[in-house]
Undergrad: 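Could you have a look at this structure, given as structure tokens, before my questions?
The figures here come from the full heavy-atom set of this structure, side chains too, leaving out hydrogens, waters and symmetry mates.
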Amino acid sequence: MSTRSRSLFLPLALIGVGAYFLLARLGWLPSLSHWFNHWWPVALIALGVVLLLRRLS
């Protein structure tokens, strides 16, 4: 990844996540609240593993 694309990833990801939650709140998209309520620890662990593997390689 280039420095430029890496610096744009987080802002674009935040915009995408915010847009999804807004559209879900308006009823235009299905809500993921069930997934977040039960599976957020798995997502957190997976993110930690990915960051650890990146650092080690």
Undergrad: Between atom CG of L8 and atom CD1 of I15, what is the distance when rounded to the nearest 0.5 Å?
TA: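 With rounding to 0.5 Å, CG (L8) is 9.5 Å from CD1 (I15).
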
Undergrad: Mind checking the CG-CZ spacing from L26 to F21? Nearest 0.5 Å is all I need.
TA: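 Output value for this atom pair is 13.5 Å.
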
Undergrad: Can you tell me how far CH2 of W40 sits from CD1 of I45, rounded to the nearest 0.5 angstrom?
TA: 9.0 Å

Undergrad: Using a 4.5 Å cut-off between side-chain heavy atoms of Ile, Leu, Val, Met, Phe, Trp and Tyr, which other residues end up in the same hydrophobic cluster as L52?
TA: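 So far as hydrophobic clustering goes, L52 is joined with L56.
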
Undergrad: For residues 10-32, which residue pairs pass the side-chain hydrogen bond (donor to acceptor under 3.5 Å, both in side chains) check, not counting sequence neighbours?
TA: S31-S33

Undergrad: Could you report the tightest heavy-atom contact between A24 and P30, atom names first, then the distance?
TA: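 Closest heavy-atom pair between A24 and P30: CB-O, 4.0 Å.
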
Undergrad: Remaining members of V50's ILVMFWY cluster at a side-chain heavy-atom cut-off under 4.5 Å?
TA: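 Direct or chained contacts put V50 with none.
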
